[in-house]
Protein chains: 2
Amino acid sequence: MATTEEVGTMFSRVNVDRVSLVIVDQIKGLIREGKLRPGDRLPTERELCQRFGVSRVPVREALRVLEATGLATVRVGARGGGYLTSPTAERLGEGLSDLLSLSPLTAANVTEARMIVELGILPLVVERATADDITELYDLIEAGGTALQDGTYTMEMSAAFHIRVADSAHNPAISMLVRGFHGPLLMSLEKAMEIAPAMGRLGIDEHLKLVDAIRFRDLAAAETVLREHLHRTARRVEHTRLD
Amino acid sequence: MATTEEVGTMFSRVNVDRVSLVIVDQIKGLIREGKLRPGDRLPTERELCQRFGVSRVPVREALRVLEATGLATVRVGARGGGYLTSPTAERLGEGLSDLLSLSPLTAANVTEARMIVELGILPLVVERATADDITELYDLIEAGGTALQDGTYTMEMSAAFHIRVADSAHNPAISMLVRGFHGPLLMSLEKAMEIAPAMGRLGIDEHLKLVDAIRFRDLAAAETVLREHLHRTARRVEHTRLD
DNA sequence: TTGGCGTAATGGTATTACCAAAGTAAGGGA
DNA sequence: TCCCTTACTTTGGTAATACCATTACGCCAA
């Protein structure tokens with residue numbers, strides 16, 4: 001007969017997770033291990049049922065979760081079924097915006113984090129920006145200028161510029177972070193405040209100075225410009241709640 | 001008879017979304033409008049079925065999606081069902097880390113981004129760290145020291161320390177970011193490389209120096225220590241693939 | 001030979017009915 | 001008063017079925 005202590009170590013905690021969760025985890029694991037890659041087609045629902053030895057309901061729930069996470073899309077019809085997709089930063093921002101609107105994060109919180117990231121990557125940007133990067137940045141600025149004259153300049157265009165700057169660091173992880181922040185943050189701010197034309201003009205001027213500094217690989221100047229630029233926009237959102 | 005152009009505008013693209021998606025959107029909408037708040041209990045599955053006029057499967061799929069998005073938890077049993085939750089920094093970071101570890105990013109990408117964030121927040125940490133923060137950081141270091149002697153020191157404990165440092169910036173958005181970095185990504189690295197005892201000793205010494213610098217509000221010293229610390233661990237990861 | 005059309009095969013979507021397991025809460029006895 | 005039992009609520013999972021969307025293929029005609 002085993003003592004109580006022995007029994008305590010004999011049995012390991014049995015995991016009675018939801019079946020759908022187990023399936024999701026297994027598929028995620030396969031993705032992590034590289035055995036499944038974006039573009040791959042998952043087996044049909046019926047086949048997944050057989051492989052996992054479960055009925056269709058949990059399998060479908062798992063597919064919905066993968067879909068919601070941005071890991072897969074499910075098509076109907078012949079040649080339909082689950083297809084793995086590589087989660088984009090856009091999808092991340094989508095999910096994030098839902099959560100941000102509920103979470104105790106304030107716009108000031110997000111802005112502060114954003115400043116840290118965007119200022120922090122400047123050394124990389126100044127070092128790695130290619131001629132193409134610079135050209136595209138100037139193009140964005142020009143587009144912003146004409147939009148400003150038309151009165152069609154939006155916060156979204158400003159966001160696009162900052163995202164393009166981040167892309168010039170040539171690190172996909174950083175691109176994802178910045179995209180993740182800009183989407184939800186600016187979408188909610190856009191509703192709250194119209195862009196005053198003078199404000200836009202000043203913003204675009206600063207964008208221009210920033211790209212100039214990047215072009216000349218002048219880190220100090222770039223930092224000065226961007227810090228002032230971000231601080232100025234930060235002050236506008238200081239007391240704004242995300243809602 | 002209508003002309004072709006007229007017909008072109010007469011019909012709008014029919015988009016028969018999945019029922020589960022419609023349900024999710026409706027609930028999200030109610031949350032956004034404030035008609036549903038964290039802590040609220042959703043109607044039971046059966047009742048949702050009646051209200052939406054659909055069967056249980058789509059309803060359950062919708063609940064799974066809400067769960068996966070971090071907007072709700074579902075309990076079984078009497079008084080069970082869906083309860084809306086307010087997403088925490090932990091939950092947000094979890095989603096972020098999932099995304100990072102499942103996207104085609106290299107360890108070097110993520111490490112670089114991590115360094116930018118963790119170094120970037122140091123000014124805030126040095127400025128805002130409370131006595132409690134400092135005490136807890138020392139506690140973590142002490143726990144790490146004893147664990148090291150026992151041979152039970154793990155990457156996870158190191159991660160906990162860095163997360164606690166980030167929490168000392170007292171910005172939930174930043175906490176979320178750093179938690180996102182120290183998720184499954186580092187856990188998978190943990191498998192790849194054992195912590196050499198000497199390595200751990202050195203790491204903990206650096207942790208100690210970092211907290212000392214934070215305590216004395218010595219930003220320059222803190223930056224020097226952390227930069228070296230992160231660079232050292234980064235070098236170990238440099239040629240490691242995420243797989 | 002080739003283009004278009006109809007049909008069959010494929011595979012997700014939703015309904016219904018049913019049972020099992022897990023919590024909760026209320027009732028009853030010591 | 002406290003604990004235990006019991007009954008009920010509610011989700012979790014299975015199975016069978018019908019239905020609809022999409023694609024592939026083969027046939028027929030030009």
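We name chains A, B, ... by the order of the sequence lines, and we start the count at 1 in each one. None of the values given here were measured: they were computed from a predicted structure.
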When you measure from the side chain of B/T85 to the backbone N and O of B/G70, does any donor-acceptor pair fall under 3.5 Å? yes
Where along residues 69-76 of chain A does a heavy atom fall under 4.0 Å from DNA chain D? A/V76
Are more than 12 heavy atoms, taken from residues, nucleotides or ligands other than A/R128, located less than 6.0 Å from that residue's CZ atom? yes
For the pair B/D40 (side chain) and B/R37 (backbone), establish whether a donor and an acceptor sit closer than 3.5 Å, ignoring hydrogens and angles. yes
Looking at B/E47, I'd like to know if its CD atom is crowded, meaning that more than 12 non-hydrogen atoms belonging to other residues, nucleotides or ligands lie closer than 6.0 Å. yes
Numerically ordered, the residues 54-66 of chain B set in heavy-atom contact under 4.0 Å with DNA chain D is B/R56, B/R60, B/R64
Quick check: do A/R41 and A/R79 have side-chain heavy atoms less than 4.5 Å from each other? yes
Could you state the atom-to-atom distance from CG of A/D17 to C1' of C/dA22 in whole Å? 15 Å
Please name the pair of heavy atoms, one in B/A166 and one in B/V178, separated by the smallest distance, quoted to 0.1 Å. CB-CG2, 3.5 Å
A/Q50 atom CD is separated from C/dG11 atom C1', nearest whole Å, by 14 Å
Return the value, rounded to whole Å, for the distance between atom CG of B/L42 and atom C1' of D/dT9. 17 Å
Ignoring hydrogens and geometry, is there a side-chain-to-backbone donor-acceptor pair from B/E67 to B/V74 under 3.5 Å? yes
Give me each pair satisfying side chain to side chain donor-acceptor pair (under 3.5 Å) with a member in residues 166-177 of chain A, each pair once, sequence neighbours excluded. A/D133-A/H170, A/R164-A/S168, A/D167-A/S175, A/D167-A/R179, A/N171-B/E112
Compare the minimum distances between each of D/dT9, D/dT10, C/dG11 and the side chain of A/R46, then state the nucleotide with the smallest one. C/dG11
Does D/dT23 have its OP1 or OP2 closer than 4.0 Å to a side-chain nitrogen or oxygen of A/R79? no
Check every strand shown and say whether A/E45 touches a base, only sugar-phosphate, or nothing at a heavy-atom separation below 4.0 Å. base
B/R18 has an atom CZ; how far is it from atom P of D/dC20, in whole Å? 18 Å
